[in-house]
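Atoms considered below: every heavy atom in the structure, side chains included; atoms not considered: hydrogens, waters and symmetry mates. Per chain, numbering begins at 1; letters A, B, ... match sequence-line order. All values reported here derive from a predicted model rather than from experimental measurement.
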Amino acid sequence: MGIEMKEVVFIVVALLTVVPCLIVAFSRNILYSAFSLFFTLLGTSGLYFFLDAEFLAIAQVVVYIGGVTVLLLFAILLTKNIQEIKETNALSMKRAYFAGASSFILLASLIFLAVKEWKFFEAGPGTDYPFLTLNQLGELMLNKYLLPFEAASILLLVVLIGSLVIAKRAVK
Amino acid sequence: MFETINMKILLPELILICTGLAVILLDLVLRKKETVAFIGVAGALLSAYYNFSLMSLGWSGAVFQNMFVLDGYSSFFKLIFYISLIITIFISLNYIKTERVSSGEYYSLLLFSASGMMIMAGAADFMVLYLGIELMSLSLYILAGIMRERRTSNEAAIKYFFLGAFSSAFLLFGISLTYGLTGTTSIIEVAEALNRLGPAGRNITLIAVIFFVTAFGFKVALVPFHMWAPDVYEGAPTSVTAFMSTGPKAAAFAVMGRVLFYAFGALQLQWSAIIEPLSIVTIAVGSILALSQTNIKRMLAYSAIAHAGYASIGFLPGTQEAFAAMINYLMIYIIVNLGAFAVVVIMRREGIMGEELSDYSGLAKKNPLVAFLMLIFMFSLTGIPPLAGFIGKFYIFMGAVEAGYTKLVIAAVIFSAVSAFFYLRVVVYMYMKEAAEPSVLIVPHSVKLVLAFTSIMAILLGIFPSVLLDFARASLLG
């Protein structure tokens with residue numbers, strides 16, 4: 001049994017996701033970080049395609065690549081003295097080590113548990129997710145998941161009001 | 001398709017959300033800003049009326065394929081939210097005028113936050129639960145920072161936002177792990193799946209439980225997840241602090257109870273073992289750090305942390321009786337706390353912050369009635385009989401002793417005695433120190449109403465303790 005085509009593609013997509021992640025974290029130039037983030041998000045979208053979640057993959061491209069990354073680049077463009085960001089990063093090295101160590105412990109314990117119990121690698125009962133077309137997805141959203149869908153709309157309205165409250169001029 | 005009858009179950013939430021929308025629109029038209037606040041109160045009362053009439057008609061049940069329920073459990077918590085919301089609106093009337101906060105956004109965000117809490121209390125699915133939490137929290141982040149020209153208010157909003165987002169990540173991680181292990185996000189189905197998995201398979205879901213407890217620990221401010229609370233409580237407008245330390249705290253306890261009891265009931269021994277150290281450390285840290293506070297809002301923030309610790313003792317026995325004692329405690333705590341904050345709110349006047357303990361010197365001479373009421377609230381928060389606070393603590397401790405947590409209860413009682421020091425210090429300032437400068441204290445009618453309600457409840461619930469507890473027990477049954 002050699003490595004099949006699907007696995008090769010998966011490894012490429014996974015590398016496309018993880019390697020730019022490292023650049024995002026370690027690059028001294030924030031512009032490089034922003035562009036690497038673009039590739040990470042693209043890779044994540046690829047992973048979603050792998051999981052047969054096409055809608056999610058497309059939404060990822062539209063929202064994160066089309067929206068968030070571009071917004072981030074604009075923010076960098078409009079911020080003065082953006083290069084001095086290095087100094088603020090250096091201030092919190094201790095915390096960075098602490099955060100790194102604790103996430104490592106968390107990851108290690110998760111992997112340990114997964115290997116020991118051998119549970120994460122086999123699908124639980126009822127987890128064989130059905131293949132969904134966009135039509136079915138839309139129907140689900142306005143049927144079974146109507147309540148979360150509407151709650152999310154109220155949430156977004158609150159976000160809109162909140163951003164106006166924060167951005168508006170002081171009352172005289 | 002739609003089950004039209006069952007849509008009724010959502011009516012209380014829908015009314016409150018529509019009131020929120022109406023408030024923000026009418027604020028543009030109406031000249032008199034108090035009217036907007038009264039529309040908010042009317043909406044809350046109407047929503048409460050529908051909620052309890054639906055309950056009494058027996059319309060309770062689940063809607064949207066078990067996404068949302070109306071039951072006694074959620075109704076009891078909703079009662080807490082209504083009280084918290086209406087009292088907050090009443091104490092805000094004059095306060096936000098002094099602070100020059102624009103009323104439309106303020107009141108509508110309060111209403112949206114309360115509807116978020118109601119969605120949380122009624123959530124029977126992790127997705128709805130998460131959206132409820134976010135709706136509540138996002139409104140609160142903005143409310144904390146609504147005094148934009150003040151730096152402490154901005155700081156409060158930023159801190160609250162970041163730590164809130166952090167805790168949401170924990171919650172989502174817990175939800176996704178649960179989904180991965182059980183294949184469902186429905187709370188009832190998770191419980192069924194755990195039963196199917198059996199004791200051996202169940203244990204791995206404990207890691208999800210840890211994430212849930214962490215996330216809820218942030219929301220109710222259990223030590224060590226309490227760091228945000230003092231700064232946020234101090235920086236936010238006082239009326240918002242009053243709201244934050246009551247309604248949202250109870251809402252977080254509501255979802256914590258719903259998730260732990262209903263979804264992870266099979267793991268009760270394990271999650272009790274997680275919460276036990278958290279609760280006693282929370283009581284200790286809250287009580288000890290409150291000793292050195294000179295700002296009354298900070299002091300009440302640490303007091304709120306300690307009280308969250310006392311309330312979480314109610315989880316430990318894992319019985320319905322102990323949980324009834326816990327929700328009884330929460331109801332008493334929020335009423336008394338709102339009363340105390342009503343006094344803090346009226347201490348803020350044009351040109352006087354009134355947040356330092358020294359501002360309370362000689363209050364007994366200036367305004368004997370207000371000083372006396374503050375004394376009742378402080379005694380009740382300490383837990384001195386025959387006031388309501390004593391009853392709340394008594395039932396919680398009794399349940400824990402029956403379940404064999406004697407050592408924990410002894411420690412909690414000792415810290416309760418420690419807490420007397422900082423609560424009674426306020427009383428000492430009011431009664432035994434001379435006022436620095438004579439200044440008049442005007443009590444608006446709305447705040448008079450609040451003070452009357454909260455103080456009468458603090459006394460009555462202490463004298464007739466069984467009324468509320470029986471109501472709590474009955475709520476949990478149906």
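Counting only distance, with no hydrogens or angles, the side chain of B/Ser115 and the backbone of B/Phe112 share a donor-acceptor pair below 3.5 Å. Under a 3.5 Å cut-off, the side chain of A/Thr40 and the backbone N or O of A/Ser36 do form a donor-acceptor pair.
The residue from B/Ile175, B/Ile210, B/Thr214, B/Val213 that alone fulfils the side chain to side chain contact (heavy atoms under 4.5 Å, CB included) condition with B/Phe170 is B/Thr214.
Remark: B/Arg196 does not engage B/Glu189 in a salt bridge, criterion side-chain N to carboxylate O under 4.0 Å.
Interface residue A/Val165: backbone and side-chain heavy atoms are both found under 4.5 Å from chain B. For B/Leu143, no part lies under 4.5 angstrom from a heavy atom of chain A. In this structure, no portion of A/Leu156 lies under 4.5 Å from any heavy atom of chain B. Of the atoms belonging to B/Leu135, heavy atoms from both backbone and side chain fall under 4.5 Å from chain A. Interface remark: A/Leu155 contributes backbone and side-chain atoms alike to the contact with chain B (heavy atom separation under 4.5 Å). Looking at B/Phe126, there are no atoms closer than 4.5 Å to chain A (heavy atoms on both sides), in backbone or side chain.
For an aromatic pair to be called close, the ring centres must be under 6.0 Å apart, and B/Phe162 with B/Phe166 fails this.
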